[in-house]
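Notes follow the structure.
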Amino acid sequence: MSAHPVFADMPVTVFETMSGLARRHGAINLGQGFPDAPGPEVLRRLAAEAVLNGSNQYPPSRGDPVLREAVVEHYSRLQGVDLSFDGVVVTSGATEAIAAALLAHVRPGDEVVIFEPAYDAYRPLIERAGGVVRAVTLQASAWRLTEAALEAAVGPRTRMVLVNNPLNPAARVFDAEEIAALARICIRHDLIVVRDEVWEHVVFDGRMHRTLLAAPGMADRVVKIGSAGKMFGLTGWKVGFACGSPDLIAPLAKAHQFLTFSTPPNLQTAVAAGLAWPVDWFDQMRSDLGRSRDRLAAALTAEGYVVTPGEGTYFLCLDLAASGLELDDTSFCRRIVEAFGVAAIPLSAFEHDPVTRTVARLCFAKSDAVLDEASERLGRARRALL
Ligand code: GLN
């Protein structure tokens with residue numbers, strides 16, 4: 001394959017593949033990350049009302065001004081960042097924001113550092129933008145980012161670091177030391193950081209998300225990406241935001257105008273209202289999800305699995321080898337969806353040359369009954385596969 005493969009050479013995403021298998025086998029879908037609840041009724045009513053009585057024509061390409069103001073207010077109140085109105089662009093989901101950031105800021109031959117396991121869209125998008133991927137492997141199950149490994153990946157052609165924190169699929173939240181190391185290297189080598197922070201509100205055990213935008217010396221080099229889908233459990237809405245200094249955001253807005261141009265106006269109206277909600281609402285959402293994480297982890301531990309604790313995101317990971325299973329993660333995920341009625345995601349799908357071959361990711365943003373049934377089925381699977 002050439003250094004810049006075309007999309008025709010690339011696989012169907014693991015999410016579409018596993019959700020397709022889940023549908024075909026009538027399995028409980030703990031693969032692709034989405035809640036089984038419909039999302040806040042207030043926001044759904046606002047969106048419906050806006051379709052009936054609001055505008056259904058193109059909103060401004062950079063986003064409904066009301067939503068852009070709401071993003072500025074939200075991040076100022078909850079994360080202490082001082083964004084300007086011109087530092088916010090609304091996109092059709094975070095994935096579009098990532099694509100626009102890469103198209104805007106990567107020139108052919110530029111190197112982009114990512115951390116593997118990495119979200120599966122990163123590598124193909126970097127390569128189609130003409131970039132060259134430099135991957136830093138994070139080792140299971142600590143998934144720690146070290147300054148030495150990052151420094152080794154940076155060279156004279158490095159332009160950007162694309163990093164997800166909290167980290168999907170490993171469910172890590174980088175700590176202050178790791179973030180400080182990342183910031184030091186970006187400043188030392190004059191790099192741009194595209195920070196995919198879509199899981200910013202989904203962090204557990206008293207953790208607080210700190211945006212890299214607020215780190216000393218980083219305000220002019222970070223593009224922060226957020227997602228209403230993850231904030232409000234409305235993943236199908238595909239409303240995202242890219243934020244940062246107007247100088248970094250202006251080129252991104254130009255890429256966005258040729259990708260989707262704009263995002264459905266009614267969804268923007270509803271998301272603006274949600275962003276203004278008090279911090280209590282976000283605390284409650286975290287605590288409900290934390291309870292679901294604990295319920296699934298406890299049930300699977302009782303079934304003999306070794307579970308890696310999730311610090312953030314909708315996910316927890318099963319360490320198959322430590323659970324006494326000898327299959328690789330892809331075979332395990334195939335077997336459990338076909339024969340035991342549970343879909344999961346193999347972590348090896350997030351690495352180019354997989355080193356993490358025995359970890360599977362499960363989504364716990366589901367009702368207690370669904371989690372209990374899935375745990376029982378996974379228990380049966382483990383006993384059969386031992
Ligand atoms: N972010 C979701 C996940 O990690 C997948 C989104 C998608 O399928 N495009 O499961």
Side-chain angles (χ1 to χ4, degrees), residues 7 10-23 27-37 39 91-102 114-126 128 138 143 162-173 194-203 225-242 259-260 263 267 289 292-293 296 308 310-318 329-330 333 336-337 342-351 356 359-366 370-371 374:
F7 282 119
M10 295 175 191
V12 172
T13 92
V14 68
F15 305 115
E16 186 65 12
T17 303
M18 292 312 301
S19 285
L21 284 170
R23 283 190 286 270
I28 296 175
N29 192 354
L30 304 189
Q32 194 175 29
F34 59 89
D36 62 358
T91 58
S92 291
T95 305
E96 197 224 340
I98 293 165
L102 293 168
I114 63 171
F115 300 92
E116 288 189 338
Y119 189 62
D120 72 337
Y122 292 177
R123 181 181 287 269
L125 289 175
I126 292 166
R128 286 307 283 157
L138 304 178
W143 315 111
L162 170 53
V163 57
N164 180 214
N165 188 41
L167 179 67
N168 176 17
R172 249 326 298 287
V173 177
V194 175
R195 254 275 282 227
D196 171 355
E197 301 186 359
V198 298
W199 299 102
E200 58 198 336
H201 284 306
V202 190
V203 293
I225 292 173
S227 161
K230 271 74 175 180
M231 288 181 184
F232 302 110
L234 294 161
T235 62
W237 280 21
K238 303 293 291 178
V239 178
F241 346 101
L259 283 168
T260 58
T263 297
L267 302 182
L289 280 166
S292 299
R293 175 200 64 168
L296 183 62
T308 2
E311 298 173 346
T313 77
Y314 288 164
F315 312 112
L316 58 75
C317 289
L318 294 179
D329 52 5
T330 305
C333 290
I336 62 169
V337 70
V342 180
I345 300 283
L347 251 69
S348 52
F350 299 88
E351 298 179 0
T356 311
V359 180
R361 191 194 84 173
L362 298 172
C363 173
F364 51 73
K366 309 289 174 186
V370 167
L371 295 177

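For ligands, and for the atoms within them, numbers begin at 1 and follow the listed sequence. Computed from a predicted model, the values in this text were never measured in an experiment.
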Is it true that Thr313 and Asn168 share a donor-acceptor pair across their side chains at a distance under 3.5 Å?
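No donor-acceptor contact under 3.5 Å links the two side chains.
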
Tell me if the aromatic rings of Phe15 and Tyr119 count as close, with their centers under 6.0 Å from one another.
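Yes, the ring of Phe15 comes within the 6.0 Å limit of the ring of Tyr119, centre to centre.
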
Heavy-atom contacts with ligand 1 below 4.0 Å: which residues, ordered by chain and residue number?
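These residues qualify: Phe15, Gln32, Gly33, Tyr119, Asn168, Lys230, Phe315, Arg361.
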
Between Lys238 and Glu96, is the closest basic N to carboxylate O distance under 4.0 Å?
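A salt bridge is absent here (no side-chain N lies under 4.0 Å from a carboxylate O).
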
Qualifying residues under ring-ring contact (aromatic ring centres under 6.0 Å, His included), relative to Trp199, sequence neighbours excluded:
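For Trp199 the ring-ring contact (aromatic ring centres under 6.0 Å, His included) partners, ignoring immediate neighbours, are Tyr314, Phe315.
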
Could you go step by step and tell me if Val359 and Leu318 meet the side chain to side chain contact (heavy atoms under 4.5 Å, CB included) rule?
CA-CA 6 Å; Val359 180; Leu318 294 179; 6.0 Å; no

Before you tell me yes or no, could you show the steps for Met18 and Arg361 under side chain to side chain contact (heavy atoms under 4.5 Å, CB included), namely the whole-Å CA-CA distance, both residues' side-chain angles and the distance that decides it to 0.1 Å?
CA-CA 12 Å; Met18 292 312 301; Arg361 191 194 84 173; over 6 Å; no

